[in-house]
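Presented below is the structure to which this report refers.
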Amino acid sequence: MRKHEEVAAAIDRQGLDPDHEMAQDATGMYPLKQAIALKHYVLTLLLPAAVIHILGFGSVYGLLRSNGLGDVTLLVAASLPGLLLSSLFLLMARRDDLRRLGRSFFTRYERGRRFVIGLVISWTASVAFLFFVSYRWNLLSLWPATILLAAGLILGNTVLVWLNYELSSYIMFGVLTWLVSVVSFSIFDLLVLSSFLARFSWSWVVSQTGSFV
């Protein structure tokens, strides 16, 4: 902890870190010095990331669409490169913070922790949105769904900037809890339906109980 404090003090003396307070708050974290400028945040970070996401998706989707891949395989193969590239872009935008503060940027500094929260929610929401809207419910094809998703990610991450850290953290863990619930129920249900319990109408209770645990 002393090392981080010394680094923070050195940064403060040099005037290199205008985004954060150098004094720790009551929780031992370094809060934001001033509110994030929404216009700058959207135009220089979120919008370019969304464009990268769409271009990455479009490139892979165009290459793989004619290869006869299954719907789920195409969804994963076309979606992940765009998400990965846009995430790398956002990470590179913080390279100066990472160079100065190291891993503590993600654990002790408000802007870094918000970055992690936004990334986790964005990835989880993206996978869930594309899976249900394009595959399970068949409401939109992958291409228009991805464009709608990019717009939703810009809006969602902008909203996260307005929220305090505790509330945004609550949303992140709520999303992750939902994801664990869906995945675990699906796994338990698959196991139950392949066992002797499948003959009983209440077999879903076993899957639901396992999911709750």
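Because the structure is a prediction, the values reported are computed rather than measured.
At distances below 3.5 Å, not a single donor-acceptor pair connects side-chain atoms of Arg108 with backbone N or O atoms of Phe105. Between the side chain of Arg113 and the backbone N or O of Met29 there is no donor-acceptor pair closer than 3.5 Å. For the pair Thr124 (side chain) and Leu176 (backbone), a donor-acceptor distance under 3.5 Å is absent. Ser79 contributes no side-chain N or O that, together with a main-chain N or O of Val76, makes up a donor-acceptor pair within less than 3.5 Å. Looking at Ser211, its side chain does come within 3.5 Å of a backbone N or O of Ser181 through a donor-acceptor pair. Checked by atom type and distance alone, the side chain of Asn157 pairs as donor or acceptor with a backbone atom of Leu153 at under 3.5 Å.
Within 6.0 Å of atom CZ in Phe131, more than 12 heavy atoms from other residues, nucleotides or ligands are found, so the atom counts as buried in its surroundings. Crowding of Phe200 atom CZ: a count of heavy atoms from other residues, nucleotides or ligands under 6.0 Å exceeding 12.
A 4.5 Å side-chain heavy-atom check between Trp204 and Val192 finds every atom pair outside the cut-off.
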* Please assess Arg111 against Leu101 for the test side-chain contact (heavy atoms from CB on, under 4.5 Å), listing each intermediate value before the final yes or no. => CA-CA 12 Å; Arg111 193 175 296 271; Leu101 303 170; over 6 Å; no

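The CH2 atom of Trp123 sits 7.5 Å away from the OG atom of Ser86 when rounded to the nearest 0.5 Å.
The aromatic rings of Trp143 and Phe57 sit parallel to each other, their planes meeting at less than 30°, with 60° as the upper class boundary. Ring geometry for Phe132 versus Trp178: interplanar angle of 30 to 60°, hence tilted.
No option in Leu88, Leu84, Leu85, Leu47 other than Leu85 meets the side-chain contact (heavy atoms from CB on, under 4.5 Å) test with Ile52.
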